[in-house]
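Whatever order the structure lists them in is the order used to number ligands and atoms, beginning at 1.
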Amino acid sequence: MYHSGAVQILRRLSERRRVASLHVLVYHRVNDDRDPIFPGVPVDVFARQMEFVGRHFTVRPLVEAVEVLRRGEATDNAVAVTFDDGYMDNFTHALPVLRRFGIPATVFLATDVVGTGRILWHDRVFAAFRETTASELTGFGPLPSFSLRTLDGKLGAMGRVLAFLRRQDDLIRSQWIERLARRLRVEDRTVVSGLMLGWGEVKAMQAAGVAFGSHSCSHPILSRVNLERVREEIVESRRCIEQQLGMPVRAFAYPNGRPGDFDATTKRLLAEAGYTCAVTTTAGVNGPDQDPFELRRGQPWDEDLATFAVKFHLSRLASG
Ligand SMILES: [Zn+2]
């Protein structure tokens with residue numbers, strides 16, 4: 001229970017700082033699959049977290065929340081809920097919860113995979129490690145050999161492989177993933193129906209009050225592709241969503257989103273293309289002076305609501 005003494009004290013402390021702030025939560029998948037390779041937030045956990053933020057905070061769509069913050073009119077308890085990538089379970093599992101608690105969320109779509117059956121490159125890697133029965137991974141690029149006999153071994157190897165792949169150019173990365181699948185003796189599927197949202201679901205979510213932003217077209221690391229490609233990813237994804245939904249797209253989520261995955265040029269191109277804000281995956285809460293093209297976000301830290309609540313309040317205190 002989150003009505004424990006510690007949470008009450010933290011809540012009172014964090015409510016006493018009357019500094020305008022915006023706390024942006026980032027989710028990817030919501031489901032009960034208990035997949036250790038790419039864990040989703042279980043549906044009942046997500047429901048408890050949404051009930052908590054809905055009860056104690058002012059939750060707004062991201063773009064509106066950023067505008068209010070910049071005008072200096074934000075309350076000290078503003079929250080925005082966001083989802084990256086556009087997984088189908090955002091529609092099947094998250095949407096009913098968002099509706100139940102009246103939470104306005106923003107979903108960032110990578111437009112190449114919406115309604116096409118195609119999947120993002122990291123999901124090809126997840127599938128390879130999920131499905132493999134190989135006992136080890138050897139001879140993969142410059143990486144050492146890894147034992148895959150235990151889940152920890154698999155997760156450790158996958159972390160190193162993902163870090164290596166993030167440093168590669170897009171085309172080369174795809175070839176490396178094909179090579180990975182061969183090494184792990186699994187089929188490399190680039191099309192998996194039902195994993196990502198289609199435009200029908202996106203439109204139904206829009207009708208239910210969900211907002212949409214761009215997460216690029218193909219989810220490249222923007223600082224690792226050439227300028228023309230960056231511009232195309234930023235402009236074309238926005239045009240595509242606007243055409244489908246008939247509403248302006250103002251928010252962008254950087255693929256991967258860590259420092260170094262975007263730069264000053266990326267931010268300039270976003271502003272030129274008509275975006276008004278962009279979110280990273282750097283942890284923290286945003287004050288009125290935060291660069292709107294470098295907004296921090298918090299993870300849904302813990303399945304236990306008391307721990308979630310403590311971390312939520314602590315991150316606000318730490319930011320003030
Ligand atoms: Zn992403």
Checklist entry - Is a salt bridge present between Arg224 and Asp261, judged by a nitrogen-to-oxygen distance below 4.0 Å? => result no

The atom name of the N, O or S atom in Asp85 nearest to the Zn ion (ligand 1) is OD1

Note to self: Taking backbone and side chain together, does His215 place any N/O/S atom at a distance below 2.8 Å from the Zn ion (ligand 1)?
What the structure shows: yes

Of all N, O or S atoms in His219, the one closest to the Zn ion (ligand 1) is NE2

Less than 6.0 angstrom from the centroid, inside 45 degrees of the normal: does Arg173 satisfy that with respect to the ring of Trp176?
no

Taking atom CZ as the centre, does Arg99 end up with more than 12 heavy-atom neighbours from other residues, nucleotides or ligands that are less than 6.0 angstrom away? no

A cation-pi test, strictly: NZ or CZ of Arg183 under 6.0 Å from the centre of the six-membered ring of Phe140 and no more than 45 degrees from its axis. Yes or no? no

